[in-house]
Each structure stands twice: as structure tokens, then as C-alpha cells.
Amino acid sequence: MYKRILSVLLAVVLGASCISVAAAPADASTLELSAPSAILIEQTTGNVLYEKNPDERRPLASVTKVMTMLLIMEALDSGKITLEDKVVASERAKSMGGSTIFLDTGEEMSVHDLLKGIAVASGNDACVAMAEYIAGSEEGFVNMMNARAKELGMENTNFVNTNGLDADNHYSSARDIAIMSRELLKHEKIFDYTTIWMDSLRDGKFQLANTNKLIRFYKGANGLKTGSTDKALCCLAGSAMRDNMQLICVVMAAPTSPQRFADASKMLDYGFANYSIKRIVTKDESLGDAPVVNGMAQTVPAVAKDDYDTLTAKGADADIKRELVFNEAIPAPVKAGDKIGEIRLSTAEGPLAAVDIVAAGDVAKMTFGAMLGRTLMAWLGSVR
């Protein structure tokens with residue numbers, strides 16, 4: 001009973017606080033876009049800030065390469081491949097039309113350079129070379145792409161190839177492209193490639209220029225991928241960061257290339273003008289001490305395990321409540337990093353999220369001698 005009361009008191013004393021969150025933004029319906037389908041989301045939360053026919057299935061051209069790059073980054077992070085690996089181009093890779101880096105059959109190129117060729121120059125041949133290296137064949141890699149799309153909940157997507165060349169039954173939607181773009185941007189290494197404006201391959205003999213004009217002309221732009229074919233028209237998955245807020249916009253079937261960049265800029269401008277990111281919980285912030293049972297110390301310092309950010313609209317305020325709830329009994333031994341409770345976040349509408357509270361230090365289990373000494377001291381204190 002004592003431990004339960006102490007836990008509740010700690011939750012009340014340490015936990016309750018309110019944080020201001022902005023209310024409704026300016027009317028997004030005033031945005032006038034040339035594209036028939038588009039969406040704007042915030043990266044951290046995934047919140048949709050603007051949408052226009054976001055679930056229409058349309059050809060997506062080289063924006064397909066967002067998924068190709070995602071699978072490459074996941075293969076890198078898992079250790080399946082490295083940036084230094086040498087990839088040998090096949091005859092099939094060489095045969096690709098459209099945008100290419102002019103791979104020759106049997107030519108060796110590093111994963112690093114092929115990824116650069118995909119992200120910057122939209123190399124269709126580089127996509128096939130990487131697909132064959134990772135999956136053994138382009139067909140096997142396409143199966144991986146579709147499986148990953150299903151895992152991500154992309155309900156209006158089907159891939160037929162790795163690069164987005166026009167093909168029957170190859171399609172996606174603005175919402176689905178935003179979903180896979182959000183997943184790709186979790187791999188921060190990709191920014192090393194998507195932010196390149198000018199570069200080269202083959203020891204400077206082959207020049208690269210980014211097809212994404214946002215990178216040079218839009219403040220904070222850091223990605224992501226353009227695409228255009230006769231069927232798809234002009235498409236774009238764009239991204240930009242300002243004031244610690246990462247936005248992702250998708251434009252599908254804009255009539256011209258300048259119009260797709262204009263549409264993207266309008267959406268990004270709207271997002272940055274009307275929203276901001278507020279940090280509700282900071283990783284490693286001190287949350288006081290939590291009681292420990294049968295430990296050499298009676299308490300252990302507590303900290304937040306992770307950051308927690310929320311999207312806020314600039315304007316009126318609403319309340320987010322923080323409540324610290326420690327486990328009723330935290331038995332020793334305790335190791336630094338052990339979960340010992342959680343920060344519960346809520347609004348007037350109900351629960352919002354929970355962030356783990358972890359121990360910031362170790363507490364050893366009480367020895368028999370220490371327990372005997374503590375019992376003796378308690379007894380002596382009671383008889384005075």
C-alpha cells in the first residue's frame with residue numbers, strides 16, 4: 001500500500017503539466033494547384049496538412065525510385081550490402097532507356113555511385129543494376145517492392161519495374177507516395193544523395209545535375225525525387241525542412257515541369273506558414289526519482305527514453321497533459337535503460353501517446369547484510 005501511495009504521489013507531483021498547441025490553420029482549400037492529385041504531410045507525425053484527390057491511382061514515373069531507394073537503404077542498414085560494394089552492370093541494365101548514367105555491360109560501379117546516379121540523375125539503368133545486385137533479378141526486386149508497399153499500408157500501389165518507365169498496371173497514389181517517402185526519410189543517410197545539386201561519376205568524366213530543381217531554388221529543400229513520362233506527366237515527391245519541421249509534398253500529373261515545382265512550393269509554403277513542431281518530451285530529460293524495492297538505494301533517477309514531437313497549428317491554444325506514471329513496484333536490481341514507467345500524453349479528446357520512462361542509473365539488489373543493517377537501524381529508531 002505504501003509503495004502504491006508513493007507511486008501515485010510521484011505521478012501527481014512530477015507529472016502534471018500542460019503544453020500549448022496551436023489550433024486551426026488557414027484554409028487549405030485556397031491553394032490552387034495545376035496538378036489533379038497532390039498531398040502535403042508532416043514527416044514526424046504523418047499528419048496530412050493538405051490533400052487533393054490523394055487516393056487516385058496514377059502512373060508515377062521515376063517517383064517509383066523512392067521505393068527503390070528505400071529498399072537500397074534498408075539493405076545498407078541491415079548490413080546486406082555496403083556503399084563500397086562493387087556492382088557489375090548487366091546487359092539488361094544497359095538496355096534501359098530514358099534517363100540513364102550510360103552503364104556499359106560488365107562495367108563495375110560502387111553502390112555509392114549507383115545510389116548517387118539514382119537520386120541525382122534518375123538513372124534507370126542504375127536502378128536495374130542495384131535491383132539485380134540485391135535480389136538477383138529485377139523481377140525479384142519488384143516483388144520486394146510490392147511486399148514492402150503492402151507492409152507500409154500502401155493500398156493503391158502496384159509496381160511492375162524498378163524505375164518508373166511507363167508500363168501497364170504500374171501505378172500509385174499521392175498518399176501512398178507520401179507514405180513511402182516518409183519511410184525513406186527515416187534513413188538520414190539518404191540526404192547525402194538527395195541534396196546533391198551537381199556532382200560527377202567515373203572520376204569526373206560523367207557530370208550529374210539534379211532533376212529536382214527545389215534543391216537549388218527552395219529554402220530548406222532536401223529531396224526527394226522527380227518523375228515524368230508521357231503517361232504520368234510531371235510528378236514529384238518533394239521534401240524540405242525549416243525550423244526542425246520536415247514536410248513532404250507529392251504532386252502527380254502536373255501539366256509541365258515548372259508547374260509541378262510551383263505546386264510543390266505552394267504546398268510547402270502553406271505548411272511552413274501555418275504549422276510548427278513542438279517538442280512535448282525531450283529525450284533524457286530528468287523526471288525525478290522513482291522508488292526501488294529491495295535495492296541498495298531506495299530510488300533511481302528517471303529520464304525520458306525518447307523525444308516526442310507534435311504538430312501544432314499556429315494560432316489558438318489547446319492543452320496537452322503530461323502525466324508521469326511509474327511502475328507500482330520497481331524491484332532491484334535495476335539497470336540503466338530499464339523501463340520503469342511511462343509519460344502519458346493526452347488531450348481533451350482522449351489519450352494521445354505514451355513515452356517510456358527509463359532508469360538513468362543502476363541499483364544493485366540489497367545484500368543480506370545491508371538488509372539486516374537497515375532493519376536494525378529502523379528498529380533502533382522505533383525504540384528511542
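Remember, predicted model here, so these are calculated numbers, not experimental data. Below, all heavy atoms of this structure are taken into account, side chains as well, without hydrogens, waters or symmetry copies.
- Considering only heavy atoms from C-beta on, F191 comes within 4.5 Å of L185 through its side chain.
- Annotation: E32, atom CD; neighbour count of heavy atoms from other residues, nucleotides and ligands within 6.0 Å does not exceed 12.
- Side chain of S62 to main chain of G164: no donor-acceptor pair is present (N/O by atom type, distance under 3.5 Å, no hydrogens or angles).
- R260 places no side-chain N or O within donor-acceptor distance of the main-chain N or O of T226, the cut-off being under 3.5 Å.
- Taking CG of N210 as the reference point, atom NZ of K116 lies at 12.5 Å (rounded to 0.5 Å).
- For the pair V66 and A237, the tightest heavy-atom approach, listed with the atom from each and the gap, is CG2-CB, 4.3 Å.
- Within a 6.0 Å radius of NZ in K335, no more than 12 heavy atoms belonging to other residues, nucleotides or ligands are found.
- In this structure, D269 does not pair ionically with K266, as no charged nitrogen and carboxylate oxygen lie closer than 4.0 Å.
- Using a 4.0 Å cut-off between a side-chain N of Lys or Arg and a carboxylate O of Asp or Glu, K278 and D309 do not qualify as a salt bridge.
- In E155, the CD atom is not crowded: 12 or fewer heavy atoms of neighbouring residues, nucleotides or ligands sit closer than 6.0 Å.
- Judged as a side chain to side chain donor-acceptor pair (under 3.5 Å), and not counting sequence neighbours, Y50 has no contacts.
- Ion pairing between a basic and an acidic side chain is recognised when a charged N comes within 4.0 Å of a carboxylate O; E342 and K305 show no such pairing.
- No side-chain donor-acceptor contact under 3.5 Å links R344 to the backbone of V355.
- A distance-only check finds no donor-acceptor pair linking the side chain of S346 to the backbone of L352 [under 3.5 Å].
- Distance alone, capped at 3.5 Å, is enough to place a donor-acceptor pair between the S78 side chain and the E74 backbone.
- Inter-residue side-chain proximity for I357 and V303 is flagged as unmet; no heavy-atom pair is nearer than 4.5 Å.
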>> Show, in sequence, the C-alpha distance, side-chain angles and deciding distance for E138 and T162, and conclude whether the side chain to side chain donor-acceptor pair (under 3.5 Å) test is met.
In response: CA-CA 7 Å; E138 184 180 17; T162 62; 3.2 Å; yes

>> One pair to check against side chain to side chain donor-acceptor pair (under 3.5 Å): S90 and E132. What are the steps and the verdict?
In response: CA-CA 8 Å; S90 68; E132 292 174 337; 2.7 Å; yes

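- Under the 4.5 Å side-chain criterion, counting only non-hydrogen atoms from C-beta, N146 is in contact with N158.
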> Taking it one step at a time, do E42 and R182 satisfy salt bridge (charged side-chain N to carboxylate O under 4.0 Å, His left out)?
Replying inline: CA-CA 9 Å; E42 191 277 319; R182 183 184 180 212; over 6 Å; no

>> Run K339 and N327 through side chain to side chain donor-acceptor pair (under 3.5 Å) and show every step you take.
In response: CA-CA 9 Å; K339 180 179 176 180; N327 298 347; over 6 Å; no

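- The existence of a salt bridge linking E323 and K321 is excluded, since no basic side-chain nitrogen approaches an acidic carboxylate oxygen closer than 4.0 Å.
- In terms of heavy atoms, Y218 sits closest to L268 at OH-CB, 3.2 Å.
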Could you go through residues 99-106 and list every donor-acceptor pair under 3.5 Å that involves a side-chain atom there, pairing it with any protein atom two or more places apart or in another chain?
residue	atom	partner	partner atom	Å
T100	OG1	F102	N	3.3
D104	OD1	K94	NZ	3.3
T105	OG1	E91	OE1	2.7

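- When all heavy atoms of Q259 and S34 are compared, the pair lying nearest together is CB-OG, 3.4 Å.
- Side-chain contact between L311 and L49: present, with at least one pair of heavy atoms (C-beta onward) separated by less than 4.5 Å.
- Across T157, D55, N156, a single residue satisfies side-chain hydrogen bond (donor to acceptor under 3.5 Å, both in side chains) together with R175, and that is D55.
- The shortest distance between side-chain heavy atoms of I177 and M252 falls below 4.5 Å.
- A salt bridge does not link D306 with K283: every distance from a Lys NZ or Arg NE/NH1/NH2 to an Asp or Glu carboxylate oxygen is 4.0 Å or more.
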> Run the side-chain contact (heavy atoms from CB on, under 4.5 Å) check on I330 and V293 step by step: do they pass?
Replying inline: CA-CA 6 Å; I330 303 170; V293 178; 5.8 Å; no

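- A 6.0 Å sphere centred on CD of E188 holds no more than 12 heavy atoms belonging to other residues, nucleotides or ligands.
- Put simply, the side chain of D85 gets close to the backbone of T82: a donor and an acceptor are under 3.5 Å apart.
- Side-chain contact between D307 and R279 is present, with at least one heavy-atom pair separated by less than 4.5 Å.
- Judged by distance alone, the side chain of N222 and the main-chain N or O of T195 form no donor-acceptor pair under 3.5 Å.
- Atom CZ of residue F261 and atom SG of residue C249 lie 10.0 Å apart, to the nearest 0.5 angstrom.
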